[in-house]
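Dropping a structure here in structure tokens format, bear with me for questions.
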There are 2 protein chains.
Amino acid sequence: MADINILAAPPAQAERAAPAERGEDAPLVDLIELFFFAYRDFVGDPDEILAPIGFGRAHHRVIHFVNRHPGMRVTDLLDILRITKQSLGRVLRELVDEGFVESRAGASDRRQRLLFPTPKGETLARQFTEIQGRRISRALDACGPNGREGAYRFLLAMINPDDRAAVERLIQRADKARRA
Amino acid sequence: MADINILAAPPAQAERAAPAERGEDAPLVDLIELFFFAYRDFVGDPDEILAPIGFGRAHHRVIHFVNRHPGMRVTDLLDILRITKQSLGRVLRELVDEGFVESRAGASDRRQRLLFPTPKGETLARQFTEIQGRRISRALDACGPNGREGAYRFLLAMINPDDRAAVERLIQRADKARRA
DNA sequence: CGAAAAAAGTCAACATGGCTGACATAAACA
DNA sequence: TGTTTATGTCAGCCATGTTGACTTTTTTCG
């Protein structure tokens, strides 16, 4: 009785809940699973772009953040990614060697290496944000008028309380720089 | 001028936007980054529980799905996790060996191996859903009255269109079984 | 000035969790 | 009875994380 394909389409007569009320009283565990599936597909987008170039997810993350926050220090990137210097070093070297990222000594503190995307890096980064942005945009369309604010608040509140302020600062700083 | 700590707290006089309107007109790229940070912390929860036992994220995912959908076939799990039989096999063997998961031959098709959590596995799975559920619950609180419905729709619409129906069926099937 | 601390980089070794390819077994199906 | 399906397994490889030790350059501070 339990051994049927639990992913198969149901017999034709089965009906789903009306779209208008879908998810209204979904248990938390539903949202846990949706979050898992959503992220799986979300990171699948850049995977497809990177596979032909021989890069992976680690490269995606670095290119994204360097492009979004040009001039960031290596330490900043380490804090964001929460990986070790050695792990980052490997990926960063490949990106510099292949001309996606450039690292220059800091002006006021010459110990620092500030990271910038090259034009090649910018082009790649734009592809990432375009495809992921389209996915998010589609998702917001499914949420009605206040969807964007709701998604922003939901995702922000999913972050550890101690880190929220830093993340918001990071984001707002980048937005401001972009508008300038 | 660019080489300062981009994650540091700003000087005291800087003010953030009023909470009421936060995120209202956030660019899509903000949401991309928030999604990244949110998931990072979301999977950090089970990581902490698993580290002492010597298990990793792969084990978390298997225990979660087996517990939530008891009696699922190995093939179902492969479809959900999108990994190879060999990768799953390694993890599954460890979980069976250490008594977290049990696999029984299917009743109507004896080639199948149906997966069930042991009491030990259930206990562990409950810890995962509790801590992750608390995080989600907190996040929903930040979203106002229709937060749950909004989050459900947003996350569902983030999933590849082709997979949405299967995911919803999976979830609803599990909810129904749980209520029964 | 000189010592200490900070930013970055590097080497080596190892763990986890993906992957491919090849192959084996049992059960179901046509 | 032959083929397909569901599962499992061996062997090896790759990407990306980890720890620990150590170096170089530059800044900071007593």
Side-chain angles (χ1 to χ4, degrees), chain A residues 2-8 40 43-44 46-47 50-63 66 71-98 101-115, chain B residues 2-8 40 43-44 46-48 50-63 66 71-97 101-115:
Chain A
D3 56 323
I4 61 163
N5 182 346
I6 69 171
L7 297 172
R40 183 189 69 179
V43 296
D47 280 357
L50 286 166
I53 324 181
F55 283 163
R57 292 184 184 179
H59 303 87
H60 164 235
R61 294 194 282 264
V62 171
I63 291 180
V66 168
M72 81 192 318
R73 301 173 309 156
V74 171
T75 304
D76 296 328
L77 198 43
L78 288 174
D79 285 346
I80 287 173
L81 301 178
R82 299 261 174 91
I83 60 176
T84 57
K85 192 174 40 160
Q86 295 89 328
S87 293
L88 175 58
R90 200 162 30 196
V91 171
L92 204 47
R93 190 181 335 121
E94 290 169 0
L95 289 172
V96 169
D97 286 352
E98 306 210 22
V101 170
E102 209 179 290
S103 111
R104 306 178 207 148
S108 70
D109 184 337
R110 307 204 17 238
R111 289 171 303 181
Q112 298 175 351
R113 293 288 172 272
L114 308 186
L115 304 172
Chain B
D3 55 324
I4 59 162
N5 183 345
I6 67 171
L7 297 173
R40 183 190 68 177
V43 297
D47 280 358
E48 282 171 37
L50 285 166
I53 323 183
F55 283 163
R57 292 186 183 179
H59 302 87
H60 164 234
R61 294 195 280 266
V62 171
I63 290 179
V66 168
M72 81 192 319
R73 302 174 310 158
V74 171
T75 304
D76 297 327
L77 199 43
L78 288 174
D79 285 346
I80 287 173
L81 300 178
R82 299 262 174 90
I83 59 176
T84 58
K85 191 175 40 160
Q86 294 89 329
S87 294
L88 175 58
R90 204 163 26 194
V91 172
L92 204 47
R93 189 180 336 119
E94 290 169 359
L95 288 173
V96 169
D97 286 352
V101 169
E102 211 180 286
S103 112
R104 309 180 204 145
S108 70
D109 184 336
R110 306 205 18 238
R111 288 172 305 182
Q112 299 175 350
R113 293 287 172 269
L114 309 186
L115 304 172

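This is a predicted model, so every value here is computed, not measured. To find a chain, count down the sequence lines: A is the first, B the second, and so on, and within it residues start at 1.
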Check: A:D76 side chain, A:R73 main-chain N or O, donor-acceptor pair, under 3.5 Å:
yes
By side-chain hydrogen bond (donor to acceptor under 3.5 Å, both in side chains), A:S87 pairs with (sequence neighbours left out) A:T84
Looking only at non-hydrogen atoms, find the nearest pair between A:G56 and A:L50 and report the distance.
O-CD1, 3.1 Å
If the condition is side-chain hydrogen bond (donor to acceptor under 3.5 Å, both in side chains), which residues does B:E102 pass it with, not counting sequence neighbours?
B:R104
Looking at CD of A:Q86 and CG of A:L78, how far apart are the two atoms once the value is rounded to the nearest 0.5 Å?
9.0 Å
Between A:L115 and A:S103 the two heavy atoms that sit nearest each other are CD2-CB, 3.6 Å
Nucleic acid contacts - residues 77-98 of chain A versus DNA chain D, non-hydrogen atoms under 4.0 Å
A:R82, A:I83, A:T84, A:Q86, A:S87, A:R90
Shortest non-hydrogen contact from B:D79 toward A:R40:
O-NH1, 3.9 Å
Nearest heavy atoms of A:V91 and A:A58, plus distance in Å
CG2-CB, 3.7 Å
Atom pair OG1 (A:T75) and CZ (A:R113), whose distance is rounded to the nearest 0.5 Å
11.5 Å
Heavy-atom contact window of chain B on DNA chain C, given 5' to 3' at under 4.0 Å:
C:dG17 to C:dA28
Return the polar atom pairs (N/O with N/O) between nucleotides 26-30 of chain D and the protein under 3.5 Å, or none.
from   : atom 1 : to     : atom 2 : distance (Å)
D:dT26 : OP1    : A:R110 : NH2    : 3.3
D:dT27 : OP1    : A:R110 : N      : 3.2

Nucleotide D:dG8, atom P - distance to CZ of B:R73 in whole Å
12 Å
Checking A:H60 now: which residues fulfil side-chain hydrogen bond (donor to acceptor under 3.5 Å, both in side chains) with it, not counting sequence neighbours?
none
